[in-house]
Amino acid sequence: MNKMQQLLYPELASSAAAPSCDADAGPRVSVLFPLPLPKAYDYLCDSEELPPVGSFVSAPFGPREVTGVVWPANKGEAKKKNAKVQNLKTISRVFDAPPLASDLVDFIDWAADYTMYPKGAILRMVMRVKDAFDGPRMQTAFVATGEKPARITPKREAVLAVAGAEPQTAAQLAEASGMSEAVVRGLVGAGSLAKVEVDPDPPFDAPDLMRAGPTLSGDQQYAADFVAEIIARDEHKAILVDGVTGSGKTEVYFEAVAAALRKDPDAQALILLPEIALTLPFLERVEARFGAAPAPWHSELTGAQRRRTWRRVAEGQARLVVGARSALFLPFPKLKLIVVDEEHDSAYKQEEGVIYHARDLAVARGARAGFPVLLASATPSLETVVNVDEGRYEAVGLAGRFNDAQMPDISLIDMREDAPDAGKWLSPRLVDEINANLSANEQSLLFLNRRGYAPLTLCRRCGHKMTAPGSDTMLVEHRFENRLVCHHTGFSMPKPSACPVCKAVESLTACGPGVERVAEEAKERWPDARIEVLSSDTAPGPRTMRAVLDAMKAGEIDILIATQVAAKGHHFPNLTLVGVVDADLGLAGGDLRAAERTYQLLSQVTGRAGRAEKPGRAMLQTYQADAAVLQALASGDRDAFLAAEAMGRQELGFPPYGRLAAVTLRSPDEVALDRAANAMRATAPVADGIEILGPARTPIYRLRGIARMRLLVKARRNVNLQAYLSDWLKRTKSQSGVRITLDINPYSFM
DNA sequence: AGCACGCCGACT
DNA sequence: GTCGGCGTGCTC
């Protein structure tokens, strides 16, 4: 801590790394538990050496024993009172696991304040891994000794054939040889197999930092040098790496990772990705660059895989982690660089449990711990662009596409002038273009960000709209399974033959298109073309999705009709036409970021078209051809769009020019909910620079039987929004059955 | 998060 | 008369 910080934060200066120790009451430590509790609890500690802050300990808490972490002593207040009033319990045990680094402890405290969730709830995200805090639990495995057994049998032969120098467990040997574990044990007795104790969580291969990367273009080299210099200075900077798809952002930040890891033999780096779908091909790329697979972290890992990554990260052995947003909470002892790839992606926003934005927290973590954070994107968020413009972030740009690939030629199809036939969704102009592509033997992609066959099922007779039970969500017809499905609640039912309200038979009508319906139209129009549909429904699981994507890459598909699963990270060399079936889809609803998101998504999708020799083309079907977003896409003028968008936000005082928080109230009882929301509005403190909007029903009012209402708090940028909110919440008395959640800087308004 | 304590409905 | 519903409150 430097002088200035000591002046600003005297209370921090007094709390050193070691926990407090009162002479009269004996050695004491504070312990934070991974429970939704706002503060740490004090305990006595009878061990010789006081466990340092960050240590994993277990202690009696209420009626049970809970594992927590030694926390910096609760600041001053009530300490003496506590010592007299309470007889403290004693820590029961200290775990072997390496203590959490002080920068992570600090980050947890900060993140709790920022998100307004209890500290313990943040700690829980760090500790979600089971059995990770005990030292390595050994597992018995076997290696071949090379000695021949006195008696050889066919079964023994089979087991010895699969045994080797690499330790394998009895179960693995049995599985590999098709024999039983009894044979394995017999061979141990015969001296042909030797028992060895192995760590069930093998270490990760070290990245080869001396391996030469690819030759960089001038732009890439400039960007890499710029970042390397900041890494060399060992200071925090948020740096936007800005370049279109194919401009080589990844190579640039790989160099940054190499530089950061080379600088310090204990340093660790984290690459955040928005989704797991991306990680499979991406992991291969990392392996190609560093000669070793990184430690992975995402929701699909098994328990054992999670434990392995967590433990190896905690002991500093895993030096490069590639993960989804929650990797931010891994127990790195010496994190020195975070890369946030596709920083604009809304998948970084965690919407359940503790609500947070991983990009924002990553920057905050780097700022507090003093290391650089790289934000990479072809379509950076307005937040980031404004931070660059106002000098808070650095930026390096990568112009042009690699290998001279051309940017696609984007045009708008005004559906008012070029209307499809009734019950059809493809305009004559788009049909012509696909025809041309088919005869040229080139691939086309039809993009529609809507799963299923039809988004709305309506009774022609009484007008009833099919919704999920207890929810105001529309059921989407999925014709492959002949079911009606709710995409919000997971509810599904066979498609009924009669309207459930008026009982009219055969009256339920599919309204609007989904990918399946566009595929139906395409198959009708081009019966000889090879047509595939790709969405998370048609490709359940990454394997089937890979298969379709590989087929597309190999040129085995003429027309791919896909949702946004095809928008990310794939390059199809023979794809020259992208048709966006409904470019207006994301614009409805009036979300403050609707235009921005539409720009990002459509620019990503249209960017799929094109290759080295020939520019691709993209056509956007729209009913609002004058809309600024679509004009910007057609002219390729991203910066003009961002400037206009920025101006609009500034006028309204919306982020990033103002702060926003959502206060959502939920209850199964609509009357109580309404009363609580209005009462809450009435108790809102009047403050300069703060405006309360609402309460209003959420766009999807009822979900799984729970009704929701929302208040929005809009504040000037210089207002401490969290302080205002906590003051407000203290004034509102809790209403029975009504739950309140806070979302600082909300992205989803559903 | 758990788990206990505490006040109102249908059963041995 | 009890068993049990989950609302409220506490855990050093």
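These numbers were taken from a predicted model, which means no experiment stands behind them. Residue numbering restarts at 1 for every chain, and letters A, B, ... go by the order of the sequence lines. Heavy atoms only: backbone and side chains are in, while hydrogens, waters and symmetry mates are out.
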Next on the checklist: Output the rounded distance in Å from CG (A:Asp46) to C1' (C:dC12).
Outcome noted: 15 Å
Item to check | Partner residues of A:Ala696 under the side chain to side chain contact (heavy atoms under 4.5 Å, CB included) criterion, sequence neighbours left out | outcome: none
Under 3.5 Å, sequence neighbours excluded: what are the donor-acceptor pairs made by side chains of residues 732-750 of chain A?
| unit_1 | atom_1 | unit_2 | atom_2 | d |
| --- | --- | --- | --- | --- |
| A:Thr732 | OG1 | A:Leu729 | O | 2.9 |
| A:Thr741 | OG1 | A:Arg666 | NH2 | 3.4 |
| A:Asp743 | OD1 | A:Lys349 | NZ | 2.8 |

Atom pairs and distances, side-chain donor-acceptor, residues 43-53 of chain A, under 3.5 Å, sequence neighbours left out:
| unit_1 | atom_1 | unit_2 | atom_2 | d |
| --- | --- | --- | --- | --- |
| A:Tyr43 | OH | A:Pro60 | O | 2.7 |
| A:Ser47 | OG | A:Glu49 | O | 2.8 |

Checklist entry - So does A:Tyr43 get a side-chain nitrogen or oxygen closer than 4.0 Å to the phosphate oxygens (OP1/OP2) of C:dC12? => result yes
Item to check | Rounded distance (Å) that lies between atom C1' of C:dT11 and atom CG of A:Leu32 | outcome: 13 Å
For nucleotides 1-7 of chain B, tabulate all protein N/O to nucleotide N/O atom pairs closer than 3.5 Å, reporting atom names and distance.
| unit_1 | atom_1 | unit_2 | atom_2 | d |
| --- | --- | --- | --- | --- |
| B:dA1 | N3 | A:Arg64 | NH2 | 3.3 |
| B:dG2 | OP1 | A:Arg64 | NH1 | 3.4 |

Checklist entry - Which pairs, with at least one residue in residues 688-710 of chain A and sequence neighbours excluded, count as a ring pair (Phe, Tyr, Trp, His ring centres under 6.0 Å)? => result none
Anything under 3.5 Å between a donor and an acceptor, one on a side chain of residues 322-340 of chain A, the other on a protein residue two or more places apart or in another chain? List them.
| unit_1 | atom_1 | unit_2 | atom_2 | d |
| --- | --- | --- | --- | --- |
| A:Arg325 | NE | A:Gln350 | OE1 | 2.7 |
| A:Arg325 | NH1 | A:Ala347 | O | 2.6 |
| A:Arg325 | NH2 | A:Gln350 | OE1 | 2.8 |
| A:Ser326 | OG | A:Trp297 | NE1 | 3.1 |
| A:Lys334 | NZ | A:Asp264 | OD2 | 2.7 |

